[in-house]
Number of protein chains: 2
Amino acid sequence: MTNEEGWKDVAFNSRDPVYLQVVRLFMEKLVTGRLAAGQVIPSRRELASLLKINPNTAQKAYKEMEERRLIVTEGNAPSRVTEDAGVLRGIRAALVEEAADEFIAAVRRIGMPADELIELVRRKYDERQGGGAHD
Amino acid sequence: MTNEEGWKDVAFNSRDPVYLQVVRLFMEKLVTGRLAAGQVIPSRRELASLLKINPNTAQKAYKEMEERRLIVTEGNAPSRVTEDAGVLRGIRAALVEEAADEFIAAVRRIGMPADELIELVRRKYDERQGGGAHD
DNA sequence: GTGTGTGTACTATGTAGTTCATACACTATA
DNA sequence: TATAGTGTATGAACTACATAGTACACACAC
């Protein structure tokens with residue numbers, strides 16, 4: 001049994017594959033320090049229980065994370081977060097890039113001028129938390 | 001037959017349903033003035049031919065747009081862009097809102113500070129067109 | 001009337017992706 | 001040995017989507 005903090009009340013949307021949302025969840029935890037290098041993570045079955053998903057979905061997420069070098073698994077010992085500093089540093093950049101590229105591409109297609117864009121982002125950012133509720 | 005400009009070389013990603021991408025394509029054309037209020041749009045069959053999609057997919061997209069009041073169809077006359085100024089004005093806002101909310105929510109989860117965020121957006125915006133390749 | 005072109009509706013099929021259920025191999029421990 | 005915990009692998013069920021094919025009602029031009 002590992003620590004069980006922060007795994008409850010996780011909401012998944014029905015638009016993206018659950019296993020990819022799980023991967024992103026781990027990446028966000030890593031970036032924000034709620035998950036440290038070398039730290040042991042829950043087993044597939046335990047995570048599935050915590051997140052109320054199927055163990056196979058958890059397995060698929062872990063396998064994806066292994067391929068991305070985010071976690072390591074030796075034999076049948078519990079998986080752990082990688083110690084590779086380079087990988088860990090890259091996660092933040094990857095998340096930011098992905099979000100920003102999508103956003104920029106969208107507003108470009110609309111032909112939104114830069115200044116209006118900046119103002120919008122600033123205003124939205126300062127707004128009260130919200131708009132995150134999806135499906 | 002209507003004008004055939006701007007319907008070629010449209011690339012669809014495999015992540016989102018094609019019919020919704022068609023809807024977004026129309027919204028972007030409306031916002032950027034490449035499609036005017038009241039203008040006649042291609043028939044279902046013609047659009048399907050132009051975009052190289054199935055006529056049923058085109059039909060589904062048009063039906064979706066009818067429900068959103070983006071286009072109108074009277075009898076069996078060719079469909080036209082709505083004249084409703086309020087609806088047309090709302091499209092731009094809707095596209096912007098959607099893109100921005102997603103983006104802001106993402107960077108919030110990462111805990112990215114506002115100033116760094118602004119700088120990133122400005123830099124990305126000025127960059128040469130790119131990063132749009134999905135699939 | 002006969003074409004042809006509208007919009008619309010329906011069923012069926014194929015495919016891809018996600019999730020589920022189950023089983024297996026291995027290790028540690030009582 | 002038996003039990004329970006790991007990670008892993010495979011096949012089935014289910015869903016959403018795109019596509020194909022067909023059909024119908026209507027309007028306009030010839």
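The chains referred to below are lettered A, B, ... by the order of the sequence lines, with proteins before strands, and numbering in each begins at 1.
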Shorter than 3.5 Å, N or O on both sides, protein versus nucleotides 26-30 of chain C: list them out with atom names.
unit_1 : atom_1 : unit_2  : atom_2 : d
C:dC26 : O2     : A:Asn76 : ND2    : 3.0
C:dT27 : O4'    : A:Asn76 : ND2    : 3.2

Would B:Lys124 and A:Glu97 count as a salt bridge (charged side-chain N to carboxylate O under 4.0 Å, His left out) if you check the C-alpha gap in whole Å, the side-chain angles of each, and the deciding distance to 0.1 Å? CA-CA 9 Å; B:Lys124 282 272 182 191; A:Glu97 283 280 322; 2.7 Å; yes
Out of C:dG7, C:dT6, D:dT6, which has the shortest distance to the side chain of B:Thr73? C:dG7
Do nucleotides 14-23 of chain C as a string where each nucleotide becomes B, S or -: B if the base has a protein heavy atom under 4.0 Å, S if just the sugar-phosphate does, - if no protein is that close. ----SSBBBB
Under the criterion side-chain contact (heavy atoms from CB on, under 4.5 Å), I'd like the reasoning laid out for B:Asp16 against B:Gln21: C-alpha separation, chi angles, the key distance, then a yes or no. CA-CA 7 Å; B:Asp16 305 309; B:Gln21 296 184 57; 3.9 Å; yes
Taking the six-membered ring for Trp, are A:Trp7 and A:Phe26 parallel (under 30°), tilted (30 to 60°) or perpendicular (over 60°)? tilted
What's the CZ-P distance between A:Arg44 and D:dT8, to the nearest Å? 5 Å
Distance in Å, B:Gln39 CD paired with B:Glu83 CD, rounded so as to fall on 0.5 Å steps: 11.0 Å
For C:dC10, which nucleotide is its Watson-Crick or G-U wobble mate, given both distances must be under 3.5 Å? D:dG21
Just to confirm, is there a sub-4.0 Å distance from OP1 or OP2 of C:dG5 to any side-chain nitrogen or oxygen of B:Ser43? no
Do B:Ser79 and B:Arg44 have side-chain atoms, one donor and one acceptor, less than 3.5 Å apart? yes
Any chance you could measure A:Arg24, atom CZ, to A:Phe12, atom CZ, to the nearest 0.5 Å? 10.5 Å
Across all strands shown, which nucleotide pairs with D:dT6 by Watson-Crick or G-U wobble geometry, both distances under 3.5 Å? C:dA25
I'd like to know whether A:Glu119 forms a salt bridge (charged side-chain N to carboxylate O under 4.0 Å, His left out) with A:Arg123, so could you lay out the CA-CA distance, the side-chain angles of the two residues, the decisive distance to 0.1 Å, and finally the verdict. CA-CA 6 Å; A:Glu119 190 197 359; A:Arg123 181 172 58 77; 5.9 Å; no
B:Phe12 CZ to D:dC17 C1': how many Å, rounded? 14 Å
Closest listed nucleotide, where the reference is the side chain of B:Glu46 and the choices are D:dT8, C:dT6, C:dG7: C:dT6
Assess whether a salt bridge exists between B:Glu74 and B:Arg80, defined as any Lys/Arg side-chain N lying under 4.0 Å from an Asp/Glu carboxylate O. yes
For B:Glu74, answer base if it contacts any base atom (sugar-phosphate contacts may also be present), sugar-phosphate if it contacts only those atoms, and nothing otherwise; contact means non-hydrogen atoms under 4.0 Å. nothing
Any side-chain donor near an acceptor of the partner, B:Arg45 and B:Ser43, under 3.5 Å: no
Could you check how far CG of B:Leu47 sits from P of C:dG7, rounded to whole Å? 10 Å
Give a yes/no answer on whether the side chain of A:Ser79 brings an N or O atom under 4.0 Å of OP1 or OP2 in D:dG7. yes
